[in-house]
Each structure stands twice: as structure tokens, then as C-alpha cells.
A.B. asks: 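Sharing a structure, written as C-alpha cells. Questions coming.
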Amino acid sequence: MMSTSEIPGGAGRRDWPGAALAAAVGAVGLLMMHHPMILSGLRRIQVDLADTRLINYFLEHNYRWYRGLPGHESYWDPPFFYPARNIAAYSDTMFGIAPLYAAFRALGFAPDTSFQLWTIALSALNYAVMIHLLTRRLGVSAAAASAGAFLFAFGSPRANMLTQQTQLTQFLSLISVDALFGLFSGGIVSRPARAAAWIVATAGMLAQLSSAFYPGWFMVLAMGIASALAIWMPSTRRPFLATLARDAPWIALAAGLGGLAIRPWLSHHLAASRELGPRWLGWALSAMPLPVTWLETGPQNWLGRWVGGLSGIGPARPAGLTTPLGIGWATTIAVLAGLYLGRHRASTRLLAAAAAVLALCLTRLPDGLVLAAECLLILGPPAFAYVDRKAHPRLFVAVFGLVILLVWLKGPVGPFLLGCGLFALLIAAAAFVGRGDDRAEAIATGALVVGLSLMLFPAPLVLGLGAAVGGLLAGAAALLGLRSRPGIESIALGGFLAFAVGITYWDRPAVWQIALAAPFAVMAARLAPARPPAWSLPHLALAGLAAEVVFSQGGTAWHFFHIHVPGGSSLIFLSRVGLILLIPAAIGLAYALDALRGGGRWAIALGLGAICLLEQGTTTPAFDKHANREVIASLARRIDPGPGAFYYTPDELLPPVKANLDAMWAGLVRGKPTINGYSGHTPRGWRDLDEPEGFRPADLRKLALAWDRWKGTFGRAVVGAEWIGGPEDRPGQFPRGGTTGAGAEVDPPPRAAP
């Protein structure tokens, strides 16, 4: 949605000083992001012994599947949670990005070292692809592009989410964004080039989804919002639809090929979703970003704690439930200023609007704020339409038609919507009484009054008695000498409404409170010094309708997305949406610095850029990979080399996640499957085997029962499985044939044959 005239000339010229500066800034960013690994000579691994090792495990499984090694013949059945099937679909499989890891493994690096190099390479790719987008697609100077790409690749939100290295794969979806910018800006002209661009855009999204679901799902959602806004906004509607019409064959081709490519991945994940059911909605809601979350940079940020103390911005909620999404005060101001300065570009306006909608949809807003916004959007347009109904009679009817649509769509409505409907009924009735000479307006307005009356007062007895009361009052007024037809109509209609409303809503004060806002809304609309353009009123009413439908529960749109949007019920950590918003943030920062540079303010641009980059500095935890190797090797030495699976119970109190991942990696070393496991989900019946304090005799008895149930479920597949750290390894604590917690006699499982 950007014309070629929006792109400054000369962006494609070779700029060796700019390229050198971009390389230097990228090197500084890599050091800032990964200094715990780099400064230790790759002895330490970011970030922890939990998800970091799980992601490394899946990458190693991909590599071994490429080679067809024993235990990895089936891609969807890695050797943990043995012998459950399709367990790779419980988490991100890393399929789309694993070849990069496999390249390091093929060069002879160890799995953990390959993982470190893979992590650093992903950060470098994030930086490089954003540099390309800013310089080649948007025409930003190399210096400003370096700062924008730094924010995208090494920003504080990304560093705070480094516990999930899958989020570093976002350059895959950025490739799609880059291709779409080229398509909709008119920069890609030839038909073969357009076909290739659509295929590249599709391939980037498929690679993203098959590598890391969260950034892929959020990017698809962002693209859907941007598409709806592109059709909504007059400045982008025509070029957007024209591009879709022009490239319809290539879009169909890319969609067809993409559907064939994603079908196996999709079928396995859908099967896992049906088996396990949706995630608990309450958990997702408890981890939603709050408005203050977008200002926090976190305690690990170099400047975050100091600036947070000065500003009074404390933790949004207890640590661990959500991730700080702030990019720093100076950077935030610079980003907003840059997006404002770029408002003459239709693409920038669309980008900013889509980012705002996405942030609002994925933020838990105060209930009062949501209610106030809905009142303004739903009650404001009818008030302005009523004031201007003489000049725009059909617009008045259209706006009130949207209010009727809202009440009708919501079915059994609550007090807020009932009040909105009653508000519309009162104003429509007043317009009907004081109608002008437009016959079509009179008929349509009368139909609105009748329609709203039938919707809001569905009981025939209420309607009948109300009509009788209104008729009696009008007749009495006529007998008393009233001869004005509008006056008699007003009394009749007013009597009907007063009786029907009083009977129906006498015990629901919230309905009255909203309905009584009608005279104040009309008064404000009449006194407003600058009224909105007439064409914007239906848009505002539609926005109010959408807000009520989407934000109707708890001040958040996630209830709606969780239920109605495919894949939404699988998400929990909604703060990861912050990484998508780093794209418009990077563009805004680049625009701001470019504007300063273009105005000759090089010193200010340089100082602001340095401050913005420094605000991203964050130190993340790390662990010693050699110590981790020794723990895994020690456990692997305890595993019988014979055939069959094994199950590991730690001899000391360990977090279940660590114990299970130790077993998974020891299984890789020994070449044996394990019943232990850790992933986004667990197979049915396995959770009882995940005992956090399994070293205690009482817990061993409970585990023995769970062990028997697991063997009963899978039969021969685990009948000869070995229990490392089980009763046989602890003589005297759990004697053979001892009583379990349920009072049954259970023999410990036999050891595998040597």
C-alpha cells in the first residue's frame, strides 16, 4: 500500500561506509545480546537448564532424523515419553530452522556448541533481514537502518524472552513481511518476480509456523488485522485490492503449494490438540500483558531498574507470569515520533494502526476504560447522526441500523447493550416525531422505532399495554384541546415508551443509566465545535460494534480469540506478541533518526541512537555446559546398555523439569528411549510419573503405582524397562514386594537383560 514515490531515491547505491557501520553496530548488538556466552569463550550457555535444553533436544532430534539414526526414524516420535506417539506435536518441532543447526553439527561441533552457534546466527539473521527491509524496501539510510535493526534483533523484549530461543527465529516471518512490502509498494514489477515473491512470503510463514508457533500465529493475526484495516482505510483500499486482483493467480498458486507443504505438520498438531484439549484459559488471562507491561524493561535490563525506580513504574505482576515488553523511555518516544513523521506514507499509517489494534487486543485493559470507549463509540455516532439528520437522513438511518445489528448479534444481551438499544430507541423516536419532508427517511425511521421496540420489549402484553397507554394519553391530550399532530404523536409515542420501559427495566438501573445518557450525548454533539466527517460515523459505530463483540468479557479480547480464532486455544504466554511489535518499532526508530540526519542534526541523531541502543542492554542467566555434560554423562553411565527403555527418578530433590531433561539427554547419549519427558503437553496418564520428590520412600510407592498403570497402558513396549533410581537401587527403603500407597503388593519392575 505504498507507491514507488514514497521510496527515496538512491537507496540501492552501494554505501561502503554505511555497510561498515551496519556491520559494526551488528557486532556490538551480538555482543550485548550474547555476552554471557561470547565472553566465556562459549563455556556458558544462555539461558537455563529447562527450555534451553528442550529446544536443543528437538534440534538434535531433527539432525538425527536427517541421518536416520536409531530411535529417530519417526520424526513425530522422538524417544521420550516412551512409547507414546506423536509427542513432537506437543511443542515447537523446529522443523523450519533445524537445517541451520544441522550445518553446525555436520561441521563436527558438539550438540551444545552447535546450539550456541545456532543461537548467535539467528540473532545475526534477524539483524540482517531487518537491515534489508529498512534500506531496500523503505529507503532508509544505512545508519538509521542499523539502529532500527538493532532494536528489532537485540531489543530488550527479545532479550527478556531469550529463555525461549525459538523466538529468535522471527527473521523467517520478517522475510514474508519484506516480500509483501515489495509486492504492495510496486517495487516488484515483472510477473515471474511477483510469483516468486508470493511463494517466498508463503514459505517464510510456513517455515516460521513449523519452527516456532507463537511468532507465526501472532504474525498471521497481525497480517489479518492489517488486511482488514487496509480495506477500511481510504488511502490503502484501492491499491490493496488492486494488488490482490492483479496477483490472484500467484496468490492461489502460493496458497496451494503452501497448503500441501503444511498439511502433515498441521494434521499432527491438530491430532495432538484433539487428544489433549485446549489450554486453560485462566492461565493465559493471568499472563496477559497489562498497560504498564509495555513500559517495563525488567530487572535484568542495565538501565531498567534505575529508570523504573525514578519513574515509579514497578513490576506489573509477580515475576514469571509475564515478560516485560518495554524498550526504554527514550526509545519509545523516538519510535512514536518516527511513526508520526512518517505519517505521509500510507504504509506507515497502516503499520501504526495495525500495531495499535494488535497491542490493544493482546493487553488486559481496565474494565472502566473499555466501558468508556464502548460508550463513546456506540453512543457517540448516533448522537452526531441525530444532530445532522436533516442534512444526512440516510446516514442517520444507517448508523441506527448498525446499533440494531449490534443488539441483534449479541442475542441475550446484558445491561450495557440493552441501554444502548434503549438509547437508540429514544433518539429514533424523537427523530420520527420531528421528521422532515423526506418520505424515505420517515418510513425508515419509523421502521427503526418499530424494530427496536419489538427487540427491546418482546412480550406482546407489554407492547399492547404500552400502545394502549400511549393511545389513551394522546386521546386525553386531544380532548383537552391539543391540535398539533407532532404534539399528539409525541405524547402517544412517549407514553408507549415510558410504560414499556418502566415495566421491562424497572429493576435494572444500569440500563437506565446508559439510556439516560442520550440527552447529554446529543447536547455534546450539538455543542461540539468541530464535528467528525459524516462518512466517519458509520466507521465509528462499526468500531464500537467490534469492540463490544471482541472486548465484551473482562476488558480483554482474548476470550474471543481463544474461542473463535484457530490456534488461539493453544497459546498461553501472550506477552510474546511484543516481538511482533518490534517491527513497527524498528521502522519508527529508523524514521526518527533519518529525519534528524536529513535535517542536519547529526550530533543529536548520534546521541539519541546511542541512548536507544544502550536502553536495550540486558544480561541474561547462563549455565556451564561442561558441568551439564558431566551430569548427563554420569547418568548415562548408570543406564543398562541393553535393549529397552528406562525411567529415571533422581536420588536427590531436583526440579522435575531438570530431572526429566537429564534423562532425555542421557537417553540420547546411551541411544535408548526414556519414559521421562518434558514438553508443552504430556501424554495422558504420564503426569503421575512426574513426581517432584521421588527420592522419598512414600513417593516411590506412589510412583510404583503410576509405573504399573503406565505398563498396563502400553504392555510389552515397556515390560522390560529399567527404573534408574527406583526401588532396586535403594535397598532397605522399598523392599521387594513392599506395600504401595494403595495397600497392594507390587513388585518392582525387572531390570533389562545385560
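Bear in mind the structure is a predicted one, so any value in this text is a computation, not a measurement. Basis for what follows: all heavy atoms, side chains included, without hydrogens, waters or symmetry-related copies. Throughout, residue positions are numbered sequentially from 1 according to the sequence presented.
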A.B. asks: F218 and I580: which non-hydrogen atoms are nearest, and at how many Å?
C.D. replies: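 The answer is CB-CG1, 3.6 Å.
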A.B. asks: Indicate the ring-plane relationship of W710 and F714, choosing parallel, tilted or perpendicular according to the 30° and 60° boundaries.
C.D. replies: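 It falls in the tilted class, 30° to 60°.
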A.B. asks: Are the side chains of R53 and N628 in contact, using a 4.5 Å heavy-atom criterion?
C.D. replies: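 A side-chain contact exists here, since the closest heavy-atom pair is under 4.5 Å.
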A.B. asks: May I ask you to decide if I675's main-chain N or O and W686's side chain share a donor-acceptor pair within less than 3.5 Å?
C.D. replies: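 Yes, the answer is positive, given that a donor and an acceptor are paired below the 3.5 Å cut-off.
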A.B. asks: Where do A201 and A179 come nearest, in terms of heavy atoms and distance?
C.D. replies: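 The answer is CB-CB, 4.0 Å.
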A.B. asks: Donor-acceptor pair, distance only, cut-off 3.5 Å: does the side chain of Q616 make one with the backbone of I327?
C.D. replies: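 Judged by distance alone, yes, a pair lies under 3.5 Å.
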A.B. asks: Between atom CG of L206 and atom CD1 of I262, what is the distance when rounded to the nearest 0.5 Å?
C.D. replies: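 Nearest 0.5 Å value for the CG-CD1 distance: 5.0 Å.
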A.B. asks: For H269 and W76, I'd like to know if the aromatic rings sit close, meaning centre-to-centre distance below 6.0 Å.
C.D. replies: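 Yes, close enough.
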A.B. asks: Which heavy atom in I87 sits nearest to a heavy atom in P683, and how many Å separate them?
C.D. replies: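 Of all heavy-atom pairs spanning I87 and P683, the closest is CG2-CG, 4.4 Å.
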A.B. asks: Do the rings of F573 and Y214 sit parallel, tilted or perpendicular, given the 30° and 60° boundaries?
C.D. replies: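 F573 vs Y214 ring planes: tilted.
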A.B. asks: Determine, stepwise, if the pair L285 / H562 fulfils side chain to side chain contact (heavy atoms under 4.5 Å, CB included).
C.D. replies: CA-CA 10 Å; L285 295 178; H562 182 86; over 6 Å; no
A.B. asks: Assess, by modelled atom type and distance only, whether the side chains of T52 and Q46 contain a donor and an acceptor separated by less than 3.5 Å.
C.D. replies: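 Checked: T52/Q46 side chains show no N/O donor-acceptor pair below 3.5 Å.
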A.B. asks: Is it true that D690 and Y678 share a donor-acceptor pair across their side chains at a distance under 3.5 Å?
C.D. replies: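 Side-chain D/A pair, Y678 to D690: absent.
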A.B. asks: H34: which residues meet the ring-ring contact (aromatic ring centres under 6.0 Å, His included) condition with it, sequence neighbours left out?
C.D. replies: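 Testing H34 for ring-ring contact (aromatic ring centres under 6.0 Å, His included), a comparison that skips the adjacent residues, returns none.
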A.B. asks: Can you see which heavy atom on R364 is nearest to which on M288, and at what distance?
C.D. replies: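 Smallest heavy-atom distance, with atoms named: N-CE, 4.0 Å.
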A.B. asks: Keeping the roles fixed (side chain from S40, backbone from M37), state whether a donor-acceptor pair exists under 3.5 Å.
C.D. replies: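 Side chain of S40 to backbone of M37: a pair is present.
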A.B. asks: Any side-chain to backbone donor/acceptor pair from Q116 onto R44? Under 3.5 Å, distance only.
C.D. replies: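 Side chain of Q116 to backbone of R44, a donor-acceptor pair under 3.5 Å: yes, one is there.
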A.B. asks: For the pair F81 and Y90, name the ring-plane relationship: parallel under 30°, tilted 30 to 60°, perpendicular over 60°.
C.D. replies: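 Aromatic pair F81/Y90 classed tilted.
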A.B. asks: Can you pull out every ring-ring contact (aromatic ring centres under 6.0 Å, His included) where at least one residue sits in residues 92-116? Sequence neighbours excluded, please.
C.D. replies: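 The answer is Y75-F95, F115-W118.
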A.B. asks: For S74, check side chain to side chain donor-acceptor pair (under 3.5 Å) against everything at least two apart and list the hits.
C.D. replies: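 Per chain and number, S74 pairs via side chain to side chain donor-acceptor pair (under 3.5 Å) with D77.
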A.B. asks: Which atom pair, heavy atoms only, marks the closest approach of M223 to V177?
C.D. replies: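 So the minimum-distance heavy-atom pair works out to CE-CG2, 4.1 Å.
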A.B. asks: Check for a donor-acceptor pair, side chain of N301 on one end and backbone N or O of E615 on the other, with a separation under 3.5 Å.
C.D. replies: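 Present.
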A.B. asks: Is there a donor-acceptor pair closer than 3.5 Å between any side-chain N or O of D92 and the backbone N or O of M94?
C.D. replies: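 Side chain of D92 to backbone of M94, a donor-acceptor pair under 3.5 Å: no, none is there.
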A.B. asks: Walk me through it: do M664 and L668 pass the test side chain to side chain contact (heavy atoms under 4.5 Å, CB included)?
C.D. replies: CA-CA 7 Å; M664 290 165 61; L668 290 183; over 6 Å; no
A.B. asks: Do L39 and L31 come close enough that some side-chain heavy atom pair is under 4.5 Å?
C.D. replies: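 Contact flag for L39/L31 side chains = yes.
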A.B. asks: With a 3.5 Å cut-off and no angle check, do the side chains of T620 and Q300 form a donor-acceptor pair?
C.D. replies: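 No, no side-chain donor-acceptor pair sits under 3.5 Å.
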A.B. asks: So which atom in L613 and which in M32 form the shortest heavy-atom distance, rounded to 0.1 Å?
C.D. replies: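 What the structure gives for the nearest pair is O-CE, 3.5 Å.
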A.B. asks: Can we say R67 and E60 salt-bridge, meaning some charged N sits less than 4.0 Å from an Asp/Glu carboxylate O?
C.D. replies: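 Judged by the 4.0 Å cut-off on N to carboxylate O distance, R67 and E60 do not form a salt bridge.
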